[in-house]
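Letters A, B, ... are given to chains in the order of the sequence lines, protein chains preceding strands, and every chain is numbered from 1. All values reported here derive from a predicted model rather than from experimental measurement. Computed from heavy atoms alone, side chains included, the values below leave out hydrogens, waters and symmetry copies.
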2 protein chains.
Amino acid sequence: MPLSKTNSNRGRNSRIQREKRELILGAALEVFAAHGFRGSTIDQIADAAGMSKPNLLYYFGKKEDIHQSLIERLMDTWLDPLKAIDANGDPLAEICAYIKRKLEISRDFPKESRLFANEILQGAPRIISMIEGELKTLVDEKAKLIQGWMNEGKLNPCDPHHLLFSIWATTQHYADFDVQVRAVLAKDTQGDAHFDGAAVFLENLFCKGLKPRT
Amino acid sequence: MPLSKTNSNRGRNSRIQREKRELILGAALEVFAAHGFRGSTIDQIADAAGMSKPNLLYYFGKKEDIHQSLIERLMDTWLDPLKAIDANGDPLAEICAYIKRKLEISRDFPKESRLFANEILQGAPRIISMIEGELKTLVDEKAKLIQGWMNEGKLNPCDPHHLLFSIWATTQHYADFDVQVRAVLAKDTQGDAHFDGAAVFLENLFCKGLKPRT
DNA sequence: ATAATATTTTATCAATTGGTCAAATTTTGA
DNA sequence: TCAAAATTTGACCAATTGATAAAATATTAT
């Protein structure tokens with residue numbers, strides 16, 4: 001009988017369980033990010049994880065379970081920076097910090113970004129409820145906050161929703177369109193050097209436009 | 001013997017050939033845009049085109065041929081707006097017009113945009129040579145032009161490559177992340193009304209930042 | 001009208017895919 | 001140590017997939 005839960009060092013909580021599940025998720029992230037859900041196969045993931053397909057399926061019963069796990073753990077990484085925008089902070093500084101954090105996520109978690117992009121691009125069938133629920137609620141709240149700042153004259157006025165879209169688009173672009181960015185820049189195709197240039201550019205683009213004319 | 005070329009009203013140039021190939025490409029665009037290359041099946045495309053799989057394969061010998069055809073015809077749509085930036089025009093007006101055109105393409109050809117995004121996301125295996133060749137050449141040329149404008153004080157200085165990336169990212173976002181945009185805005189999930197808001201926002205964002213302080 | 005040609009259908013194929021099963025092996029706790 | 005539980009393996013399965021071949025049907029030019 002597999003996967004009992006009674007004993008703390010047996011079943012789902014054993015060292016092997018934790019390590020292998022981690023191994024599988026890492027391999028699956030690679031594969032799903034590169035091919036989307038439908039384009040990825042369990043065999044590919046099992047290969048990447050260095051184990052047999054039945055062995056992988058011992059840890060995750062179905063292909064969709066692996067994907068679901070990845071999406072769930074991704075969501076915190078995805079929403080945290082937006083949550084961190086502080087109503088009590090300096091408006092311009094908060095927006096700039098948000099942009100910086102989002103860009104760092106593109107640099108440090110590009111595969112996660114591509115996993116998310118693949119999912120949205122393909123109609124978000126497995127996360128639409130989260131988008132319409134948790135994400136929308138959070139976005140509306142922060143949009144209201146930003147609108148308030150604009151009403152107080154602390155930021156130049158513009159549509160807060162489109163502002164957020166633009167921040168998402170510009171920062172995630174460096175992860176999602178990585179291949180194109182590197183091909184076009186063509187210098188030092190390895191490495192993350194171009195992220196510094198991106199940070200300078202984006203801070204200038206958004207903050208110059210948002211700073212109120214005194 | 002299929003597909004002879006001798007007679008102008010026979011073979012590849014016949015009415016049926018042209019119409020069916022068009023029908024297939026339309027169906028394939030829908031499917032590839034929604035699932036990426038690997039995630040799409042010939043059966044899906046044949047279904048969407050209302051014909052049998054062998055019949056479809058009579059017009060396009062392989063799955064990859066259909067995709068290739070789509071990519072090829074997409075490329076003009078993709079590169080034309082960038083080509084249209086006129087060295088003799090007013091710098092700020094040229095950039096603004098480019099942004100507007102790119103946004104219109106996201107509105108009018110969202111499936112093409114998602115097809116392209118899927119391809120890049122998944123490592124661009126079938127178009128990397130075009131990216132490294134034709135696209136890079138064109139981008140470098142236009143980046144030089146924009147840099148010249150900045151040197152003459154006609155635009156505020158910034159990195160032209162990152163400027164182009166940001167324009168691509170923000171405009172294509174409305175096609176590629178359409179599901180998320182609509183879910184977050186949540187009003188009038190149908191229609192393209194939000195594109196007007198996006199146009200206003202983006203013109204303000206880019207042009208306020210780029211306009212030289214007089 | 002009819003023969004040549006083009007198109008469509010039916011049947012089929014080997015390979016791949018998601019997933020199961022029972023047997024073999026390893027790990028664990030007492 | 002040793003039995004119970006957990007893990008791994010190899011052999012399978014039915015469904016799907018990309019693709020082919022040949023026969024049947026429809027279209028075209030004369």
**Request:** Could you state the atom-to-atom distance from NZ of B:Lys20 to C1' of C:dT9 in whole Å?
**Result:** 12 Å
**Item:** N or O in side chain of B:Gln17 less than 4.0 angstrom from C:dT7 OP1/OP2
**Value:** yes
**Phosphate-side-chain proximity, B:Tyr58 and C:dT8, N/O vs OP1/OP2 below 4.0 Å** = no
**Asked** Just how far, in rounded Å, is C1' of D:dT17 from CG of B:Leu56?
**Response** 14 Å
**Request:** Please report, rounded to the nearest Å, how far the P atom of D:dA19 is from the CZ atom of B:Phe60.
**Result:** 14 Å
Using atom names, set out every protein N or O paired with an N or O of nucleotides 18-21 of chain C below 3.5 Å, distance rounded to 0.1 Å.
{"from": "C:dG18", "atom 1": "OP1", "to": "A:Ser40", "atom 2": "O", "distance (Å)": "3.2"}
{"from": "C:dG18", "atom 1": "OP1", "to": "A:Lys63", "atom 2": "NZ", "distance (Å)": "3.1"}
{"from": "C:dG18", "atom 1": "OP2", "to": "A:Ile42", "atom 2": "N", "distance (Å)": "2.9"}
{"from": "C:dG18", "atom 1": "N7", "to": "A:Lys53", "atom 2": "NZ", "distance (Å)": "2.8"}
{"from": "C:dG19", "atom 1": "OP2", "to": "A:Lys63", "atom 2": "N", "distance (Å)": "3.0"}

**Message:** Could you check whether atom CD of B:Glu30 has more than 12 heavy atoms from other residues, nucleotides or ligands sitting under 6.0 Å from it?
**Reply:** no
**d(CD1, A:Ile45; C1', C:dT17) in whole Å** = 12 Å
**Message:** Just the rounded figure in Å: distance from P of D:dG18 to CG of B:Asp47.
**Reply:** 12 Å
**Prompt:** Between atom CG in B:Asn55 and atom P in D:dA21, what is the gap in whole Å?
**Reply:** 17 Å
**Spacing between B:Arg18 atom CZ and C:dT7 atom C1', to the nearest angstrom** = 16 Å
**Request:** Respond yes when some side-chain nitrogen or oxygen of A:Ser52 is under 4.0 Å from OP1 or OP2 of D:dT8, and no when none is.
**Result:** no
**Message:** Would A:Lys144 pass as a cation-pi partner of A:Trp149, given that its NZ or CZ must be under 6.0 Å from the six-membered ring centre and within 45 degrees of the axis?
**Reply:** no
**Message:** As a quick check of understanding, evaluate salt bridge (Lys or Arg N to Asp or Glu O under 4.0 Å) for A:Asp178 and A:Arg107, giving each step before the final call.
**Reply:** CA-CA 10 Å; A:Asp178 178 76; A:Arg107 185 194 59 200; over 6 Å; no
**Request:** Not counting sequence neighbours, which residues clear side chain to side chain contact (heavy atoms under 4.5 Å, CB included) with B:Ala175? List them please.
**Result:** B:Ser106, B:Pro110, B:Ser113
**Complete:** For A:Arg38 and B:Thr41, the nearest pair of non-hydrogen atoms, with its separation, is NH2-CG2, 3.6 Å
**Protein-nucleotide distance (B:Arg21, atom CZ; C:dA6, atom P), rounded to Å** = 14 Å
Pairs under 3.5 angstrom only: tabulate donor-acceptor contacts from the side chains of residues 161-170 of chain A to other protein residues two or more places apart or in another chain.
{"from": "A:His161", "atom 1": "NE2", "to": "A:Asp140", "atom 2": "OD1", "distance (Å)": "3.0"}
{"from": "A:His162", "atom 1": "ND1", "to": "B:Tyr174", "atom 2": "OH", "distance (Å)": "2.6"}
{"from": "A:Ser166", "atom 1": "OG", "to": "A:His162", "atom 2": "O", "distance (Å)": "3.1"}
{"from": "A:Trp168", "atom 1": "NE1", "to": "A:Tyr98", "atom 2": "OH", "distance (Å)": "2.8"}
{"from": "A:Thr170", "atom 1": "OG1", "to": "A:Ser166", "atom 2": "O", "distance (Å)": "2.7"}
{"from": "A:Thr170", "atom 1": "OG1", "to": "A:Ile167", "atom 2": "O", "distance (Å)": "3.2"}

**Message:** I'd like to know whether NZ of B:Lys83 has more than 12 heavy-atom contacts from other residues, nucleotides or ligands below 6.0 angstrom.
**Reply:** yes
